[in-house]
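Here's the structure, in structure tokens; my notes come after.
Computed from a predicted model, the values in this text were never measured in an experiment.
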Amino acid sequence: MKASTYKQKLAERVSAESAQERFTPSKPVSEHSLLKTLNNTKAEMKERQAALIGLKALTFASPSYADWRTDFLNALREIVSNEGKTPLAFPALETLAQEKDEWALAKLEAILREPRGGVVSALDALRLLAYDDHGSHFDVLREIAPNRQKGQKIRLSAIRQLGADPSAAPILATIVQDQAEDPLIRRQALAALRHADRTRYDSLANTLLNDDSENEQVRAQYITALKVDGASPAVENTLRKVQTESSSEIVRAASESYFKQSSS
Amino acid sequence: MVINVAITGYPAGGPVIFGYTPVEVVVTISNRPIGPIRVTITSTGPKAQLSFYARAASPPVNSLTLTIPATSNTVTFFVGGRFGSRSSNLNDGTIRIAADSVPPSPVNAAQQAIPVTVRVRLNANQMTTVERDRFLTAYARVNNAGLGIYQALRDMHTGVSSNTIHFGPQFLPWHRAFILQLERELQAQDPLVCLPYWNFNQSAPKLFTVDFMGATTVQSPMQLAPTNPLITWVTDNAPLWARRRQSFPPPIQSEAATLALGSTLNAFSAMEGDPHGSAHVQFQGPISNIGMAVRDPLFFLLHCNVDRLWALWQLNNKRYNPAQASSYPNQGLSPGVGPTPTRTLDTMWPWDGVIVGNRPPTAPGGQFPASPHLAFPGLKPTIGSMVDYQGKVNRANVLGFDYDNVPY
């Protein structure tokens, strides 16, 4: 389409929108009415969930957020304290955790340590503790990460967060090396180990690269990371070999992509 | 006869990369014959197609014929990417310049071909696989596993800086500068890359996949393919990020309704709430919190679309002159030391390094990064410097980006 035609059509589209009777520009819902709905325990749960999300949306545009922040966070604490395991508990705790609310973070850590009776599951508590910079729950994560009795989702979340914990590197390395382990878990551990202990990651990952019997997803992930990290001449030589000789299509493709992007 | 070509702002022999916004081309003829010379300019691909302008404000044409009078050796014209066209590779567009004597003078001809590249910001959902992978690799390199400039960008957009960069007309220009900084860092990694946008008014099934910004559902944690460079992503000392679909996402105001908010920037700024705020809370995870949103690489694609909406609104209302209140309401300079930058002549935190008064206590990231071929907006950009991004009022104000669906 010609630029001039496009401009004409754009003007017509906007003009038609403006002409519609239903169009009422700039009519934001007030935080007061949303807070009222959120606090109303007799209102429909869906309405209250929508109100909570609406309030979060308002935080992106409300110059007076500082004025109603306390009321908002208090309302969320009330919900968590008094309403038990409802669909509001998770978004309320997430909002509090994002605001670094110490009360909420302590609550989440307590649920993680003793999930029975918690207003959210241990998995959800763990997810939300990702907002906690203190890392006081890392001891629990180090127990969860290698424990195959735990579910995949909770292990993935624990392993992801352990990337910020250098002392977890031996656990992560063990998971990466365990070929009987779920490949998705191994990949998450590989990504976490890369951040937790780069030296250990490099030595381990090179072993993965050279072993054509290794899981192709894990190998491909390592090769992809090399696109960002860069590879030594020795590793590049191995990559060239892998590019032509690997039995795995995804591994060959990842190697080929490495050389393409490196030359760009 | 010999044709010499110089493209204003671009070093001789270096890559010539532009978007739809035209750049100036100066053609000089040496060893010229006597009499007038006819110069014919065409776009000869092989991929990117070009538009030509006799003057910057002239309508675009696909070819141009100019005459150099007997008394001159030079002629100037303008060239930009043709609306709807873009490069797939560096130098896959060509400006062909042919010159010959105007009859009845004896025939004396010469020609010159200048390779060029056309890059524009694309709808992320419509990128080719190659474009996507180039972008993701550059993005992951800018992040550099938490050690790159991305962490400084993340530190600029926090709860502490929130009042400085939001909640007023400065929201749009500040974020225009912010995403331009990232884009310049991306282009330092790969000059063909532009920041793509997430058009949050349309479904984006190709964007929310394991191969791009991550597959997200209400129930499952986000997943990435092993071949996605974002698997190396780190911010705030934590690898990767969490994102899940919201159970009850709020409706997002349509593009047409956003563009119809009003014909002054004051009225249009209502978009900071909806669609901007509404888009942020389509997901659970850091993206839904103003102080944490930059942890998620989706943040910049979301804001690229916010900026595209502003660019479309500017096009429709011809709002490019920062000295007019309809283009930007707060004119002049804010009083006092370290004010919240809300006026056209105010320099913006953090690039100006001012950390007193109402400003945040630190200024992460240093000064604004330079472009290889543009002096603007300088190391300490002002609010007003972000308005005339295509240089329609002042050609020196070009910022060096265009959107695939916002013509010049």
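- Among G277(B), G159(B), G273(B), the residue making the largest number of heavy-atom pairs under 4.5 Å with chain A is G277(B).
- Comparing P59(B), G84(B), P229(B) by heavy-atom pairs within less than 4.5 Å of chain A, the highest count is held by P229(B).
- With a threshold of 4.5 angstrom between heavy atoms, L312(B) approaches chain A through its backbone and through its side chain.
- Taking chain B as the reference chain and counting heavy-atom pairs below 4.5 Å, the highest number among R219(A), K153(A), K100(A), R127(A) is found for R127(A).
- N289(B) touches chain A through backbone and side chain together, each having a heavy atom under 4.5 Å away.
- How far CG of D133(A) is from CG of N237(B): 9.0 Å, rounded to the nearest 0.5 Å.
- Residues of residues 154-161 of chain A lying under 4.5 angstrom from chain B, judged on non-hydrogen atoms, are R160(A) by number.
- For chain B, no part of D229(A) is nearby; none of its heavy atoms comes within less than 4.5 Å.
- Looking at P286(B), both its backbone and its side chain come within 4.5 Å of chain A, counting heavy atoms on both sides.
- Geometrically, R295(B) does not engage Y131(A) in a cation-pi contact defined by less than 6.0 Å to the ring centre and at most 45° from the axis.
- Between A57(A) and S278(B), the shortest heavy-atom contact is CB-N, 4.2 Å.
- R244(B) and D124(A) are joined by a salt bridge, as a carboxylate oxygen and a charged side-chain nitrogen come within less than 4.0 angstrom of each other.
- Contacts of D133(B) with chain A are made by both backbone and side-chain atoms, with heavy-atom separations under 4.5 Å.
- Between H280(B) and F60(A), the ring planes are parallel. Angles under 30° get that label, and only those over 60° would be called perpendicular.
- Here the side chain of Y6(A) pairs no donor or acceptor atom with the backbone of P407(B) at under 3.5 angstrom.
- The greatest number of non-hydrogen atom pairs below 4.5 Å with chain B, out of E99(A), Q188(A), R187(A), is found for R187(A).
- Note: L240(B) leads L90(B), L240(B), N144(B), L230(B) in heavy-atom pairs under 4.5 Å with chain A.
- S247(B) contributes atom OG, which lies 6.5 Å from atom CD1 of I53(A) (distance to the nearest 0.5 angstrom).
- By number of non-hydrogen pairs under 4.5 angstrom with chain A, the leading residue of S269(B), G285(B), G148(B), A293(B) is G285(B).
- Contact of E216(A) with chain B is not made at all, since no heavy-atom distance falls under 4.5 Å.
- Residue-environment remark: CD (E249(A)) stays at or below the threshold of 12 foreign heavy atoms within 6.0 Å.
- By number of non-hydrogen pairs under 4.5 angstrom with chain A, the leading residue of N405(B), N163(B), V406(B) is N405(B).
- Looking at A138(B), neither its backbone nor its side chain comes within 4.5 Å of chain A, counting heavy atoms on both sides.
- The contact between F90(A) and chain B is made entirely by side chain atoms (from C-beta outward), counting heavy-atom distances below 4.5 Å.
- Under the rule for a ring pair (Phe, Tyr, Trp, His ring centres under 6.0 Å), the partners of H175(B) that lie at least two apart in sequence or sit in another chain are H157(B), H166(B), F171(B), H303(B).
- In this structure the side chain of L259(B) reaches within 4.5 angstrom of the side chain of L10(A), judged on heavy atoms.
- N316(B) approaches A11(A) most closely through the heavy-atom pair OD1-CA, 3.2 Å.
- Of residues 189-200 of chain A, those residues lying under 4.5 Å from chain B by any heavy-atom pair are A191(A), A192(A), R194(A), H195(A).
- Using modelled atom types, one finds no donor on one side chain facing an acceptor on the other under 3.5 Å when comparing T227(B) with Q221(A).
- At a 4.5 Å heavy-atom cutoff, the contact between Q246(B) and chain A is made by side-chain atoms alone.
- Counting heavy-atom pairs closer than 4.5 Å to chain B, the top residue among E94(A), Q49(A), K56(A), Q98(A) is Q98(A).
- Minimum heavy-atom separation, E17(A) to S254(B): OE2-OG, 4.4 Å.
- Remark: F248(B) pairs with no residue by the ring pair (Phe, Tyr, Trp, His ring centres under 6.0 Å) rule, at least two apart or across chains.
- Only the backbone of N228(B) comes within contact range of chain A, with at least one heavy atom under 4.5 Å from a heavy atom of that chain.
- The most heavy-atom pairs under 4.5 Å with chain A, out of A238(B), P249(B), A145(B), S288(B), come from S288(B).
- Proximity to chain B is limited to the side chain of L184(A), based on heavy atoms less than 4.5 angstrom apart.
- Closest approach of T224(A) and P226(B) over heavy atoms only: OG1-O, 3.1 Å.
- Most heavy-atom pairs under 4.5 Å with chain B: of the set S62(A), A254(A), A130(A), this distinction falls to S62(A).
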